[in-house]
Q: 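Sharing a structure with you now.
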Amino acid sequence: MSTSTSSASQRIEALLDEKSFVEIGAKVTARATDFNLKQNDTPSDGVITGYGTIEGNRVYVYSQDASVIGGSIGEMHAKKIVGIYDLAMKTGTPVIGLIDSAGLRLQEATDALNSLGEIYFKQTMAKGVVPQITAVFGACGGGLAIVPSMTDFTFMEEKKAKLFVNSPNALDGNYADKNDTAAAKFQAEESGVVDFVGSEEDIIAQLRELISMIPGNNDDVALADCTDDLNRICPDLADCAGDTSILLSNIADDNNFVEVKAGYAKDMVTGFIRLDGMTVGCVANRTELVGEDGKIAEKYDGVLSVNGCEKATDFIYFCDSFGIPVLSVTNVKGYEASVCAEKKISRAVADMTAAFAGCDVPRVNVIVGKAYGSAYVSMNSKGIGCDLTFAWPDAQIGTMEASLAAKIMYDGQGADVIAEKTKEYAALQNNVESAAKRGYVDAVIAPEDTRKHLIYAFEMLYA
């Protein structure tokens with residue numbers, strides 16, 4: 001590696017397996033001469049590039065060095081990143097970018113602009129071919145902010161990192177102390193660009209875990225040895241129907257659930273688990289969020305939201321591109337209802353529906369609560385091609401809640417009639433048995449047996 005002891009080189013050393021890094025282009029320097037740039041020493045032109053391993057998995061990596069002209073992007077800087085992408089696509093290897101940059105190098109003007117375009121182009125060509133991951137440790141502003149937004153997963157350091165197209169002070173009526181739109185919290189919870197937030201040490205650990213969970217390319221298979229009991233019973237799983245992040249953790253091998261975009265659109269849960277060593281992508285409705293103290297911290301309406309659908313759509317497309325089977329956990333009764341949501345909800349649901357329906361990977365759905373109307377149809381139902389559907393005994397499947405259906409069908413009738421017809425409708429239409437009799441549910445399973453049923457299902461489908 002370069003003899004530099006900069007944060008850029010230290011981050012690579014922390015990320016990769018010990019002594020596995022091989023540097024490429026260590027002698028490259030800037031060749032621009034305008035504005036006396038030639039007089040400045042530009043070791044590696046502000047970016048360290050090369051390859052190594054994470055838990056034995058090959059990766060290509062670039063790490064921007066803010067100590068060299070602010071880590072700014074110039075012609076040769078970009079050329080090194082582009083070269084890493086070419087090698088990664090040729091060898092079927094993930095690309096990890098560690099970002100800490102002042103942005104475009106002003107001294108190189110149009111050369112820098114063109115070079116940034118070349119990075120965008122390579123990112124586009126690599127989409128769906130090899131996984132792309134970025135981690136923002138320092139500044140990432142202006143056009144450079146597009147780079148992490150084009151990758152599959154983005155990590156962000158929680159205190160020092162800044163990610164923005166326009167700085168907070170450049171937004172009308174805003175300033176950083178009022179609303180720091182460049183901060184990790186905003187980018188993770190409001191914009192949804194960032195998937196993981198934490199300290200630098202947390203990010204390195206999470207990055208290594210993610211790389212070990214996903215395949216190296218679109219022809220690879222993500223498998224690991226399983227030491228967990230394939231028939232393990234999950235006795236309290238029925239209590240987890242509200243917070244499905246806990247449900248997914250319980251059924252996963254060794255209870256390990258890697259959640260993606262945990263801070264964004266919390267009514268929809270996305271992430272990865274392993275079942276008998278096989279990586280499975282999970283998309284689940286959530287009606288409550290349980291805090292670390294075991295108490296309910298937040299509640300949600302049990303409906304599809306614009307942000308939730310968009311979050312699910314991107315995740316499903318990633319899974320489909322890289323051959324990762326998809327598990328959905330359904331507990332939904334309708335759609336987000338507001339003037340703001342109405343502007344985008346139909347398109348957002350349509351995109352999610354198309355993502356599910358267009359999947360070529362094995363798909364399994366588990367209905368753990370309510371499954372009403374077309375919102376249920378869009379949540380990976382058999383109608384849009386789900387391979388296998390399981391349901392818990394208390395699941396409710398139908399066009400709408402029984403009480404609402406009775407009110408519509410018997411409008412103007414007395415309360416006694418409505419109450420009677422509500423019970424009748426629930427018995428005839430909304431129970432899981434009626435759906436199973438029509439083949440819309442393949443099996444009614446006990447909640448505690450969910451893990452073993454899913455393992456057998458995915459093994460059968462993947463064979």
Side-chain angles (χ1 to χ4, degrees), residues 226 228-257 269-288 290 302 324-333 356 359 361-372 375-398 402 426-463:
C226 176
D228 202 346
D229 182 0
L230 303 188
N231 294 308
R232 174 166 57 83
I233 301 299
C234 305
D236 300 319
L237 204 64
D239 298 329
C240 304
D243 192 341
T244 44
S245 65
I246 298 176
L247 184 155
L248 292 168
S249 176
N250 281 344
I251 66 173
D253 291 353
D254 303 315
N255 303 116
N256 184 31
F257 172 47
V269 176
T270 55
F272 300 103
I273 63 173
R274 285 197 181 100
L275 292 172
D276 191 16
M278 178 189 299
T279 294
V280 175
C282 305
V283 178
N285 305 123
R286 177 197 262 149
T287 59
E288 61 188 29
V290 176
I324 300 172
V326 173
L327 165 67
S328 57
V329 181
T330 299
N331 185 7
V332 66
K333 63 181 181 180
F356 272 128
C359 271
V361 296
R363 285 190 282 148
V364 176
N365 185 26
V366 181
I367 303 171
V368 299
K370 295 177 180 179
Y372 288 147
Y376 149 62
V377 174
S378 294
M379 271 299 296
N380 195 28
S381 67
K382 291 188 78 71
I384 60 171
C386 181
D387 297 304
L388 287 173
T389 297
F390 299 118
W392 290 357
D394 293 335
Q396 303 169 45
I397 307 170
L428 292 175
Q429 294 289 336
N430 279 8
N431 69 83
V432 68
E433 293 295 334
S434 63
K437 288 177 180 178
R438 291 168 173 80
Y440 305 132
V441 169
D442 293 294
V444 180
I445 62 174
E448 60 269 23
D449 293 332
T450 301
R451 169 177 161 82
K452 68 178 183 179
H453 280 287
L454 289 175
I455 288 174
Y456 301 150
F458 279 115
E459 288 185 345
M460 181 273 294
L461 292 169
Y462 209 83

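Note that the coordinates shown come from a computational prediction; the quantities given were computed from them, not determined experimentally.
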Q: Taking the side chain as everything from C-beta on, heavy atoms only, tell me whether Asn255 gets closer than 4.5 Å to Arg232.
A: yes

Q: Take Val432 and Ile367 through the test side-chain contact (heavy atoms from CB on, under 4.5 Å) and record every step on the way to the result.
A: CA-CA 9 Å; Val432 68; Ile367 303 171; over 6 Å; no

Q: In the structure I gave you, are the side-chain heavy atoms of Asn331 and Val329 within less than 4.5 Å of one another anywhere?
A: no

Q: Please report the shortest heavy-atom distance between Val283 and Met379, naming the atom on each side.
A: O-CE, 4.1 Å

Q: Would you confirm whether Thr450, through its side chain, and Pro447, through its main-chain N or O, come within 3.5 Å as a donor-acceptor pair?
A: yes

Q: Any non-hydrogen side-chain atom of Glu448 less than 4.5 Å from a side-chain atom of Leu237?
A: no

Q: Looking at every heavy atom in both Glu288 and Arg286, which two are closest together, and how far apart are they?
A: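 That closest heavy-atom pairing would be O-CG, 3.0 Å.
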
Q: Which atom pair, heavy atoms only, marks the closest approach of Val444 to Glu433?
A: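 Where Val444 meets Glu433 most closely, the heavy atoms are CG2-OE2, 4.3 Å.
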
Q: Kindly write out the residues that satisfy ring-ring contact (aromatic ring centres under 6.0 Å, His included) with Phe257, not counting sequence neighbours, or none if the list is empty.
A: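 By the ring-ring contact (aromatic ring centres under 6.0 Å, His included) rule, Phe257 matches no residue at all.
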
Q: Asp228 and Ile455: side-chain contact (heavy atoms from CB on, under 4.5 Å), yes or no, with the steps?
A: CA-CA 12 Å; Asp228 202 346; Ile455 288 174; over 6 Å; no

Q: Start with the C-alpha distance between Val366 and Leu247, add both sets of side-chain angles, then the distance that settles side-chain contact (heavy atoms from CB on, under 4.5 Å), and finish with yes or no.
A: CA-CA 11 Å; Val366 181; Leu247 184 155; over 6 Å; no

Q: Please determine if Arg451 and Asp253 form a salt bridge, counting it only when a charged side-chain N lies under 4.0 Å from a carboxylate O.
A: yes

Q: Between the side chain of Asp442 and the main-chain N/O of Phe390, is any donor-acceptor distance below 3.5 Å?
A: no

Q: Are side-chain heavy atoms of Tyr440 and Ile397 found at a separation under 4.5 Å?
A: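 No, every pair of side-chain atoms sits at 4.5 Å or beyond.
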
Q: Check the pair Leu388, Met460 against side-chain contact (heavy atoms from CB on, under 4.5 Å), reporting the backbone distance first and the verdict last.
A: CA-CA 11 Å; Leu388 287 173; Met460 181 273 294; 3.6 Å; yes

Q: Closest heavy-atom contact between Asn285 and Thr330?
A: OD1-CA, 3.4 Å

Q: Do Phe458 and Asp276 come within less than 4.5 Å of each other through their side chains, counting heavy atoms only?
A: no

Q: What's the separation between atom CD in Gln396 and atom NZ in Lys333, rounded to the nearest 0.5 Å?
A: 11.0 Å

Q: Do Thr389 and Asn365 pass the side-chain hydrogen bond (donor to acceptor under 3.5 Å, both in side chains) test, and can you show the C-alpha distance, the side-chain angles, and the key distance before you say yes or no?
A: CA-CA 5 Å; Thr389 297; Asn365 185 26; 4.5 Å; no

Q: With heavy-atom distances below 4.5 Å as the criterion, would you say the side chains of Cys240 and Asn250 are in contact?
A: yes

Q: What are the two closest heavy atoms between Asn380 and Val364, and how far apart are they?
A: ND2-O, 3.5 Å

Q: Does the side chain of Leu327 come within less than 4.5 Å of Ile251's, by heavy atoms?
A: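 Side chain of Ile251 against side chain of Leu327, heavy atoms only: contact under 4.5 Å found.
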
Q: Report yes or no: does Arg274 contribute a side-chain atom to a donor-acceptor pair with the main-chain N or O of Asp254 at less than 3.5 Å?
A: no

Q: Restricting to non-hydrogen atoms, name the atom on Trp392 and the atom on Ala241 that form the minimum distance, rounded to 0.1 Å.
A: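 Heavy atoms of Trp392 and Ala241 come nearest at CZ3-CB, 4.0 Å.
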
Q: Please report the interatomic distance CG(Leu275) to CG(Leu454), rounded to the nearest 0.5 Å.
A: 6.0 Å

